[in-house]
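Report on the following structure.
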Amino acid sequence: AILSQRGRPGLPMASVADVLAKYGKVAVAVHVCLSTLSIAGCYTAVRLKLPMDDMLRYLGITPPATDEEKLAPGMGVAAVSAGGNLLAGFLLHKALFPIRAPVTVALTPLAARALARARRFR
């Protein structure tokens with residue numbers, strides 16, 4: 001198992017720092033693009049009332065406890081306003097960081113190579 005700097009299984013922090021040091025602006029651009037797509041997707045999923053708890057459990061992430069049981073029947077997700085949808089989407093986006101970070105590390109060299117090829121053909 002790969003251990004992070006804090007001794008927990010997961011992505012080693014050194015690889016993220018190495019990618020950032022090696023690719024600089026390209027790494028930041030890839031991260032921003034992936035984060036934008038992620039937050040838009042998470043907001044859309046919450047807005048469309050998809051079953052997030054099941055999806056999070058499938059990914060191995062424990063969903064946060066909610067007070068939905070205290071609400072009247074049928075008021076669960078429907079009671080969330082537009083701002084609440086955005087907040088719920090943002091929280092889901094943050095919960096998915098352990099998945100986004102390795103994807104960023106994997107895609108950054110590919111993006112840098114594609115940009116280098118594009119510059120050669122100018």
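- With hydrophobic clusters built from ILVMFWY side chains whose heavy atoms lie under 4.5 angstrom apart, Phe97 does not share a cluster with Val46.
- Shown here are the side-chain hydrogen bond (donor to acceptor under 3.5 Å, both in side chains) partners of Arg113, two or more places apart in sequence or in another chain: there are none.
- Leu107 and Val26 fall within the same hydrophobic cluster, defined by Ile, Leu, Val, Met, Phe, Trp and Tyr side-chain heavy atoms under 4.5 Å apart, directly or through other members.
- When Val19, Thr108, Leu110 are each tested for a side chain to side chain contact (heavy atoms under 4.5 Å, CB included) with Val30, only one passes: Thr108.
- Closest of all the heavy-atom pairs between Phe90 and Ile39 is CD1-CD1, 3.5 Å.
- Heavy-atom minimum distance, Ala27 versus Thr104: O-CG2, 4.4 Å.
- Nearest heavy atom pair, residue Ser35 against residue His93, reads O-CE1, 3.4 Å.
- Taking all atoms of both residues into account, the shortest heavy-atom contact from Cys42 to Leu96 is SG-CD1, 3.8 Å.
- The heavy-atom pair separating Asn85 from Arg47 by the smallest distance is ND2-CD, 3.9 Å.
- Leu37 and Leu50 sit in two unconnected hydrophobic clusters of ILVMFWY residues. Membership requires side-chain heavy atoms under 4.5 Å apart, directly or through other members.
- Looking at every heavy atom in both residues, Tyr23 comes nearest to Pro109 through OH-CB, 3.5 Å.
- Interatomic distance, Leu48 CG to Tyr43 OH, rounded to the nearest 0.5 Å: 9.5 Å.
- In terms of hydrophobic clustering, with Ile, Leu, Val, Met, Phe, Trp and Tyr side chains grouped at heavy-atom distances under 4.5 Å, Leu20 and Val32 are assigned to a common cluster.
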